[in-house]
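Shown next, in structure tokens, is the structure this report addresses.
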Amino acid sequence: MRSYDPKKIEAKWQKFWERKKLYKAEEKSKKPKYYALIEFPYPSGEGLHVGHTRSYTALDVVARKRRMEGHNVLYPIGWDAFGLPTEQHAIKTGIHPKIVTKRNTDNYRRQLKSIGFSFDWSREINTSDPKYYKWTQWIFLQFLKKGLAYKAKIPINWCPKDKIGLANEEVVDGRCERCGAKVEKREKEQWLLAITKYADRLDKDLDTVDYLERIKVQQRNWIGRSEGAEIEFRISKSETRIKVFTTRPDTIFGATYLVLAPEHKLVAELLENRKSPPAGRAGKIENRKEIIRYIERTKKKTEIERLAEGKEKTGIPLKGVYAINPANKERIPVWVADYVLPHYGTGAIIAVPAHDQRDFEFAKKYNLPVMMVVCPYYPAPKCPVLDSAYTDDGYLVASGKFSGLKNETAKRKIVKTVGGKWKTVYKLRDWIFSRQRYWGEPIPVIHCAKCGVVPVPEKDLPVVLPDVKKYKPTSSGESPLAAVKSWVNIKCPKCGRPAKRETDTMPNWAGSSWYFFRYTDPRNEKALADKKKLKHWVPVDWYNGGMEHTTLHLLYSRFWNKFLYDLKLVPTPEPYKKRTSHGLILGESGEKMSKSKGNVVNPDTIVKTYGADTLRLYELFLGPFEQAIAWSSESIIGPRRFLEKVWRLQSKLTTNNRQPTTKNLEALLQRTIKKVTEDIEKMSFNTAISALMIFVNECERSSYIPRSVFTTFLVLLAPFAPHIADELWQVLGRAALIHTEPWPSYDEKKIQSGAVTLIVQVDGKVRGTIDVPQGINQEKAASLAKRMPKIEKWLGGKEPSKTIYIPGRLINFVL
RNA sequence: GGGCGAGUGAUGGAAUGGCAGACAUGCACGACUCAAAAUCGUGUGCCGUAAGGCAUGAGGGUUCGACUCCCUCCUCGCCCACCA
């Protein structure tokens with residue numbers, strides 16, 4: 001017997017699989033399809049990371065098992081190749097991102113192949129390939145056509161260091177997600193995608209998919225659906241009206257002031273009326289200067305500063321301006337405060353300090369009245385002095401004709417009386433789709449002085465990224481493309497007059513929003529993918545990826561899917577049937593792996609020292625798949641030792657099945673089949689591997705192993721450690737590859753074969769075990785157990801008052 | 001502040017309400033070896049000579065029986081965060 005040499009056998013089988021095109025998804029097949037998907041990597045300069053490979057191994061196990069179960073499996077791979085790090089590298093070195101991307105993808109491809117993933121390499125895609133991004137641009141044009149892509153001058157998050165506009169999602173604690181610089185606000189014309197138009201469906205359709213519950217919850221929170229009422233308040237002595245949004249219209253009688261966001265349109269309008277207000281407009285503001293100063297200060301504040309202030313609320317009254325409460329016709333002051341957000345609801349609220357904690361704090365600070373209108377009892381004996389807002393349900397008090405009603409009941413009645421409108425609002429905001437960057441898909445529109453925004457005709461797609469000399473955005477924040485005059489200047493496709501190309505590019509989330517469609521038909525030049533092929537493969541059956549993509553990529557791609565579905569271009573309203581998430585792999589000390597900390601583990605090193613099969617097993621054996629877990633260079637030896645043991649078992653094989661130990665091994669094999677089969681589906685890979693280890697330990701104890709038992713075991717091992725499985729398969733003289741074998745089934749009867757061990761308890765405490773024949777009844781089991789010397793002692797001659805018997809499990813005598 | 005989740009040996013972790021600590025690492029001792037590595041064997045929660053008792057963050061409850069279910073509290077992690 002040769003010794004186990006992973007280096008040799010792994011290279012050998014990888015080559016063989018590739019030559020045989022073993023993992024190619026079939027175009028035409030009678031087998032049921034199965035689409036397994038992992039998030040395609042961003043090919044960075046550092047190369048693959050053991051975090052990537054954990055997820056890929058998990059779905060590789062699933063994909064391999066599905067093939068053995070008789071499915072036609074699509075398990076594709078590609079490159080999410082546009083993005084900042086490559087561009088930053090280009091800025092530093094002057095090397096074209098295209099060249100760097102080629103180098104990085106070559107490295108990633110080599111690494112992935114060395115681990116033996118069963119990807120269908122013939123479908124490899126690259127988002128920075130013009131043949132690919134032609135269709136990313138094409139989809140953008142469809143958004144434009146439907147009015148869902150629009151340009152707006154909006155305050156954007158501006159990173160002064162990267163010189164780039166950031167989406168809200170890229171701002172973390174008021175700082176740039178990438179470089180950590182303090183984010184400023186800047187007004188800029190930006191392209192947006194109207195994802196909010198789909199907010200309702202993105203929320204509701206979560207009911208139809210099989211995602212981990214925490215993923216659904218996180219998406220729902222992000223979308224932030226909330227139902228409430230829009231109610232109009234009139235400004236005293238004028239015709240001006242303010243719409244407020246509230247989820248607690250039942251508390252309207254307790255509104256003691258009204259607050260506008262500093263950015264609210266009405267504030268600017270009121271500030272314009274310097275002297276004599278035009279007829280019908282609101283009155284003159286007495287403290288104009290202070291208000292202007294307050295607004296200026298708010299604009300300068302970054303979000304991190306607001307947080308640093310400990311959420312201490314600030315505001316300023318609009319002196320001389322009052323609003324009329326439509327419920328009781330009372331006059332209440334109007335304030336401007338930055339705790340009211342301009343983009344949520346109507347950017348204006350009624351403040352009910354007694355029943356909202358934020359309003360309560362604000363009222364205390366500025367000495368505004370607090371009026372309790374919901375009490376836990378009715379009639380309320382006396383209104384208590386509150387030291388915080390009362391936000392629970394109760395009965396209305398001091399609310400005119402509504403007093404005495406339960407607050408939930410009062411909601412609808414009050415909204416009706418004050419002429420309010422029920423409305424659903426969302427926290428979700430439209431997706432800022434412009435980047436002033438080089439390394440992204442050019443947004444395919446042309447600006448013409450006469451015709452305005454003109455889409456690039458579809459026949460002219462793709463709009464190919466031109467070569468530039470400098471990759472850095474201009475100091476005014478324009479994309480470097482703006483400097484390429486020969487590219488920017490173009491004739492208007494409509495009127496033929498001189499016009500200019502859009503120089504903004506798309507965010508790196510664009511290409512990844514539809515890549516799973518392209519895999520079904522990666523070389524199509526006439527459409528994003530052939531409809532028949534889409535119909536065959538879509539939706540993705542199982543998609544695994546990082547939790548960090550839950551609110552970004554996952555939501556964006558669901559949005560694109562829905563949009564394309566509405567255009568009847570893709571077959572299902574949801575792209576992914578099932579979504580799971582893996583836990584991060586942390587450094588040895590439990591910190592996040594990062595280049596700067598120097599604790600990144602490169603899979604190359606592991607493959608070199610231990611072999612790919614060991615790496616695969618270790619990554620799944622580490623711990624529960626969904627949990628973040630620290631890498632341990634000490635424990636990786638375990639899976640390697642396991643494979644060495646498996647290797648050595650070949651010397652113990654026999655064709656003689658009549659030996660006495662065989663029966664135990666056979667029963668254990670049946671249990672192992674069941675355990676591994678079920679655990680893979682539950683993503684409980686660590687316990688599946690432990691079951692394989694238990695089986696091998698038992699084989700070691702046995703003096704020989706029937707061939708048939710061992711071959712079945714190898715089939716179970718194959719998805720986890722495909723190289724050694726195929727090698728041993730060949731050693732056994734089997735002609736075909738192990739990966740084309742059918743997945744074994746198990747026989748419940750064989751699992752339960754022979755005697756069973758009962759736990760014998762007295763008063764709930766374990767006092768012994770006894771082997772009894774299977775299917776024995778309570779009476780017989782009890783009499784057998786009672787005769788055990790130990791049990792006799794514990795019973796002390798007394799007759800149990802009660803006997804609990806769980807067949808096959810335990811018997812408990814209660815005294 | 002809100003949401004989600006987790007507290008079990010030296011460590012990673014197992015356990016449909018039914019033998020707590022499977023499996024693995026580490027450690028100790030032993031075998032093999034001139035030696036080391038590898039490998040193999042034995043042991044490894046706490047107290048106790050033993051019989052036995054005590055142990056799954058703390059306290060209580062339900063149950064014949066609780067790591068698991070319920071209540072109160074403590075600690076930690078992640079995500080969101082002035083969302084009306």
Side-chain angles (χ1 to χ4, degrees), chain A residues 3 172-173 212-218 220-226 228-229 244-249 251 259 261 303 306-307 309-314 337-341 343-352 355-359 361-362 425-429 547-548 550-551 583-584 590 617-618 621-624 626-642 644-645 648 684 686-697 700 757-769 793 800-806 808-815:
Chain A
S3 62
V172 177
D173 286 337
L212 286 185
E213 199 50 35
R214 60 191 174 125
I215 298 177
K216 285 194 190 182
V217 167
Q218 210 169 304
R220 286 219 160 93
N221 288 346
W222 190 263
I223 295 166
R225 184 191 158 93
S226 145
V244 300
F245 177 77
T246 177
T247 54
R248 292 295 304 274
T251 63
V259 192
E303 299 198 11
R306 282 202 204 176
L307 287 173
E309 284 164 14
K311 288 183 207 166
E312 171 91 18
K313 291 175 181 44
T314 60
D338 67 2
Y339 80 92
V340 173
L341 305 173
H343 44 74
Y344 185 78
T346 59
I349 62 156
I350 45 164
V352 186
H355 304 293
D356 182 285
Q357 189 56 29
R358 293 153 301 179
D359 298 344
E361 283 162 22
F362 192 81
V425 301
Y426 301 90
K427 286 185 204 171
L428 187 70
R429 292 163 68 183
M547 216 44 208
E548 71 274 21
T550 302
T551 50
L584 278 181
L617 280 169
Y618 178 63
F621 186 62
L622 258 176
E626 289 173 45
Q627 200 175 291
I629 204 145
W631 183 266
S632 158
S633 51
E634 207 170 65
S635 322
I636 192 163
I637 190 70
R640 171 64 193 249
R641 282 182 190 152
F642 165 70
E644 299 269 6
K645 283 186 199 176
R648 285 198 302 267
S684 185
N686 53 334
T687 54
I689 292 168
S690 120
L692 293 171
M693 288 173 167
I694 290 168
F695 180 80
V696 167
N697 290 344
E700 281 213 311
T757 305
L758 280 188
I759 299 156
V760 185
Q761 296 183 333
V762 178
D763 279 336
K765 291 210 175 358
V766 180
R767 298 302 181 188
T769 57
K793 188 184 127 202
S801 61
K802 196 172 163 191
T803 303
I804 288 143
Y805 176 59
I806 317 273
R809 266 272 155 77
L810 90 163
I811 185 150
N812 183 11
F813 300 112
V814 186
L815 293 179

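Not measured: the values here are computed from a predicted model. Throughout, a chain's letter reflects where its sequence line sits, starting with A, and its residues are numbered from 1.
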Task: Side-chain donor/acceptor of Lys313(A) to base of C82(B), under 3.5 Å - done: yes
For nucleotides 52-56 of chain B, list the nitrogen or oxygen atoms of the protein found under 3.5 Å from its nitrogen or oxygen atoms, one pair per line.
unit_1 : atom_1 : unit_2    : atom_2 : d
G53(B) : OP1    : Arg767(A) : NH1    : 3.4
G53(B) : OP1    : Arg767(A) : NH2    : 3.1
G53(B) : OP2    : Arg767(A) : NH1    : 3.2

How far, in whole Å, is [M] from [N] if one measures between their [atom1] atoms?
{"N": "C23(B)", "M": "U42(B)", "atom1": "P", "result": "12 Å"}
{"N": "A55(B)", "M": "U8(B)", "atom1": "C1'", "result": "10 Å"}
{"N": "U56(B)", "M": "C69(B)", "atom1": "C1'", "result": "16 Å"}
{"N": "G7(B)", "M": "C73(B)", "atom1": "C1'", "result": "14 Å"}
{"N": "U68(B)", "M": "C76(B)", "atom1": "P", "result": "22 Å"}
{"N": "G57(B)", "M": "G12(B)", "atom1": "P", "result": "14 Å"}
{"N": "A66(B)", "M": "G59(B)", "atom1": "C1'", "result": "15 Å"}
{"N": "G18(B)", "M": "C4(B)", "atom1": "P", "result": "26 Å"}

TODO: Choose from C82(B), A84(B), C64(B) the nucleotide whose nearest atom is closest to any side-chain atom of Ile349(A).
DONE: A84(B)
Open item on the list: Can you identify which nucleotide, out of C79(B), C64(B), A84(B), has its nearest atom closest to the Asp356(A) side chain?
Closed with: A84(B)
Please report the distance, rounded to the nearest Å, between [atom1] in [X] and [atom2] in [N].
{"X": "Glu626(A)", "N": "C79(B)", "atom1": "CD", "atom2": "P", "answer": "17 Å"}
{"X": "Asp338(A)", "N": "A84(B)", "atom1": "CG", "atom2": "P", "answer": "17 Å"}
{"X": "Leu341(A)", "N": "A81(B)", "atom1": "CG", "atom2": "P", "answer": "11 Å"}
{"X": "Lys427(A)", "N": "C82(B)", "atom1": "NZ", "atom2": "P", "answer": "9 Å"}
{"X": "Asp763(A)", "N": "U63(B)", "atom1": "CG", "atom2": "C1'", "answer": "13 Å"}
{"X": "Leu428(A)", "N": "C80(B)", "atom1": "CG", "atom2": "C1'", "answer": "14 Å"}
{"X": "Met547(A)", "N": "G77(B)", "atom1": "CE", "atom2": "P", "answer": "18 Å"}
{"X": "Glu644(A)", "N": "A37(B)", "atom1": "CD", "atom2": "C1'", "answer": "13 Å"}

Task: Protein proximity profile, nucleotides 11-24 of chain B - base contact B, sugar-phosphate-only contact S, no contact -, cut-off 4.0 Å on heavy atoms - done: -BSS-B-BB--BBS
We want to know whether [X] and [Y] form a side-chain donor-acceptor pair, criterion being a heavy-atom distance below 3.5 angstrom.
{"X": "Arg429(A)", "Y": "His343(A)", "value": "yes"}
{"X": "Thr687(A)", "Y": "Ser684(A)", "value": "yes"}
{"X": "Asn221(A)", "Y": "Lys427(A)", "value": "no"}
{"X": "Asp359(A)", "Y": "Tyr339(A)", "value": "yes"}

Contact summary for [X] and [Y], nearest pair of heavy atoms:
{"X": "Phe245(A)", "Y": "Gly345(A)", "answer": "CB-CA, 4.0 Å"}
{"X": "Val259(A)", "Y": "Val340(A)", "answer": "CG1-CG2, 3.6 Å"}
{"X": "Phe642(A)", "Y": "Leu692(A)", "answer": "CE1-O, 3.7 Å"}

TODO: Decide, for G17(B), between syn and anti: a glycosidic angle within 90° of 0 counts as syn, anything else as anti.
DONE: anti
Open item on the list: For Met693(A) and Lys645(A): C-alpha separation, side-chain torsions, deciding distance, then whether side-chain contact (heavy atoms from CB on, under 4.5 Å) applies.
Closed with: CA-CA 9 Å; Met693(A) 288 173 167; Lys645(A) 283 186 199 176; over 6 Å; no
Open item on the list: So that I know where these two stand, are Trp222(A) and Tyr426(A) an aromatic pair - ring centroids less than 6.0 Å apart?
Closed with: no
TODO: Examine Lys313(A) relative to Phe362(A) and say whether NZ or CZ is less than 6.0 Å from the centre of the six-membered ring and inside a 45° cone about the ring axis.
DONE: no
Base, sugar-phosphate, or nothing for [X], non-hydrogen atoms under 4.0 angstrom?
{"X": "Ser632(A)", "value": "nothing"}
{"X": "Arg220(A)", "value": "nothing"}
{"X": "Thr803(A)", "value": "nothing"}

Open item on the list: Rounded to the nearest 0.5 Å, what separates atom CZ in Phe621(A) from atom OG in Ser690(A)?
Closed with: 6.0 Å
Task: Option from Ile804(A), Ile806(A), Val766(A) for which side-chain contact (heavy atoms from CB on, under 4.5 Å) with Asn812(A) holds - done: Ile804(A)
Open item on the list: If a pair means Watson-Crick or G-U wobble with both distances below 3.5 Å, what does RNA chain B look like in dot-bracket form, with | marking bases paired to a different strand?
Closed with: (((((((..(((.....[....)))((((((.......))))))(((....)))..(((((..]....))))))))))))....
Open item on the list: Applying side-chain contact (heavy atoms from CB on, under 4.5 Å) to Leu810(A) and Gln761(A), what does each step give before you reach the verdict?
Closed with: CA-CA 7 Å; Leu810(A) 90 163; Gln761(A) 296 183 333; 3.2 Å; yes
Task: Position toward the 5' end of RNA chain B (nearest nucleotide), Phe245(A) or Asn221(A) - done: Asn221(A)
